[in-house]
Number of protein chains: 2
Amino acid sequence: MTIDDFDINAEALRQLPLFRQLDAQTVTTIADAGRALNVARTARILNRGDNLDGFYVVFAGSLKMYILSCDGAERILRILRTGDSFGEAMMFNGFDSPVFVDALTDSQVAYIPHRLVADVLAQNPVFIESMFRGMSRLLLDFVRDIESCCLMNAKQRTVAYLLRLAEHRGPHDQQVTLPASKWVVASMLNLAPETFSRELHRLQADGLIEIVRRTIHVRDMTGLMEIVDGAAAVSVAT
Amino acid sequence: MTIDDFDINAEALRQLPLFRQLDAQTVTTIADAGRALNVARTARILNRGDNLDGFYVVFAGSLKMYILSCDGAERILRILRTGDSFGEAMMFNGFDSPVFVDALTDSQVAYIPHRLVADVLAQNPVFIESMFRGMSRLLLDFVRDIESCCLMNAKQRTVAYLLRLAEHRGPHDQQVTLPASKWVVASMLNLAPETFSRELHRLQADGLIEIVRRTIHVRDMTGLMEIVDGAAAVSVAT
DNA sequence: GGATTCACTTGATTGTGGTCAAGCGGGAAA
DNA sequence: TTTCCCGCTTGACCACAATCAAGTGAATCC
């Protein structure tokens, strides 16, 4: 659980989507002013209630962003991977973090202070747009999350999740792999692990999928789509 | 349900928080390029699936932002009032709207196109920060929303909502007024109207509150706080 | 190779909150 | 005043998913 910090590698930083459009000079300035951190598996990077005056970018590894109930129940909001960032909202608005962030695997993150961001923003319209796009994406994900946990039942949430994983792959790639343990995935779907397991096996019994450890083979794509089809209305007569 | 559109009043625009820091010249430019709309009660302003190339600002009235399940169940995400804006995320990221927006009362909104925003952003760092603050706030609200509907039960959600209303008022103002019908509030809390009614009356039976139509008199503030206290953990030992 | 552990599965039971249905009461209009 | 209507309340019942608990199976470690 030791955490050591060191200089940011400007070249590595420039590989990340958020910084790709910036010129080398600007990226070097950022790299010099920020700090990179090695975080060990299970270490906490951000606490609920923390106040950030900057934001984090993930260089390597995977992290979980989550909230906790008083009795320790954990609800994972998102899994963060290389190139993802977090903390922008708190940085811009000054409020305390509503979420926790822990490392799921040994990871590397960079911390970039607010003043630096403000300077770069003022001079790089393209960076402004990148930043807005990132936050917009997050907003969309949260709305979908609310949609899924308020409007769908356990079966629909499970299927919707499988389809979302599948859409990142080609339309004919008939297998998807869960990005984390079933326990973690269940938490993202706001399901008890037992319920998630049950739903998957029910889908298997119906011949829609085949489960091989963390890999799910899709046997009947249209069958799956019918289950979530129209779970959220696109438009209605008024 | 007639919708007519007319020029934006630059002075009125400048009264809104988002535009307050801009110089008169810039605001006039925006007002000239954008369009204002009168929308009648129950009229829809934004459909799920719509693609926006700009965003809306509310001048007057109140609107509901919501999602719908296939069987018509409605989940209200937020109530929008004068000064609030919506559609920024879709504008920046280009994706289709995940939400509906309808007028709850006769209202006026202004539509401001993307290209204009991009120009103003590039030249006004202070506007960038305003815009980021607005989206950050929205993000925080959605996280709280997820927290409330995933980590809290019906009673806790009800109490948390009452306390949130109460915190806008002075600490000794012992009464709050629901901002909309109980049906609408229940939808925001992700509760069936019947459940919301039951929870309120249970709190009244316990002597914590007193219900007079849409006004709730708080009789035991600390009692209420105990109910939600620690519903979401702030920090835990690792 | 056997023990241990962890991730997952499966079964039985329960409880919260949703649904259906009927009743109530205040405000508005005739 | 009487009537209607709408927003809300209250009751009875039910279903979905959580919980508790036991069991399985595959990796890992000695």
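These numbers come from the heavy atoms of this one structure, side chains and all, not from hydrogens, waters or symmetry mates. Lettering of chains follows the sequences in order, A, B, ..., and the numbering in each one begins at 1.
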Distance-only donor-acceptor check, side chains T222(A) and D220(A), under 3.5 Å | yes
Rounded to the Å, how far apart are [X] [atom1] and [N] [atom2]?
{"X": "K182(A)", "N": "dT24(D)", "atom1": "NZ", "atom2": "C1'", "answer": "14 Å"}
{"X": "I211(B)", "N": "dG25(C)", "atom1": "CD1", "atom2": "P", "answer": "15 Å"}
{"X": "L189(B)", "N": "dT16(C)", "atom1": "CG", "atom2": "C1'", "answer": "16 Å"}
{"X": "Q156(A)", "N": "dC16(D)", "atom1": "CD", "atom2": "C1'", "answer": "12 Å"}
{"X": "L200(A)", "N": "dT10(C)", "atom1": "CG", "atom2": "P", "answer": "11 Å"}
{"X": "R213(B)", "N": "dG25(C)", "atom1": "CZ", "atom2": "P", "answer": "14 Å"}

Any pair counted as salt bridge (Lys or Arg N to Asp or Glu O under 4.0 Å), so long as it reaches residues 184-208 of chain A, sequence neighbours left out | E199(A)-R202(A)
Between protein and nucleotides 17-23 of chain C, what N or O pairs are separated by less than 3.5 Å?
| residue | atom | partner | partner atom | Å |
| --- | --- | --- | --- | --- |
| dG17(C) | OP1 | A154(B) | N | 2.9 |
| dG18(C) | OP2 | A192(B) | N | 3.3 |
| dG18(C) | OP2 | T195(B) | OG1 | 2.7 |
| dT19(C) | O4 | R198(B) | NH2 | 3.0 |
| dC20(C) | N4 | E194(B) | OE2 | 3.2 |

Partners meeting side chain to side chain contact (heavy atoms under 4.5 Å, CB included) with L138(B) (sequence neighbours left out) = L139(A), R78(B), F142(B)
Can you check whether F196(A) reaches T158(A) side chain to side chain, under 4.5 Å on heavy atoms?
-> yes
Does the side chain of R214(A) get closer than 4.0 angstrom to OP1 or OP2 of dC8(C) through an N or O atom?
-> yes
Could you tell me whether R157(A) and E147(A) make a salt bridge, using a distance below 4.0 angstrom between a side-chain N and a carboxylate O?
-> no
Looking at SG of C149(A) and CZ of R75(A), how far apart are the two atoms once the value is rounded to the nearest 0.5 Å?
-> 5.5 Å
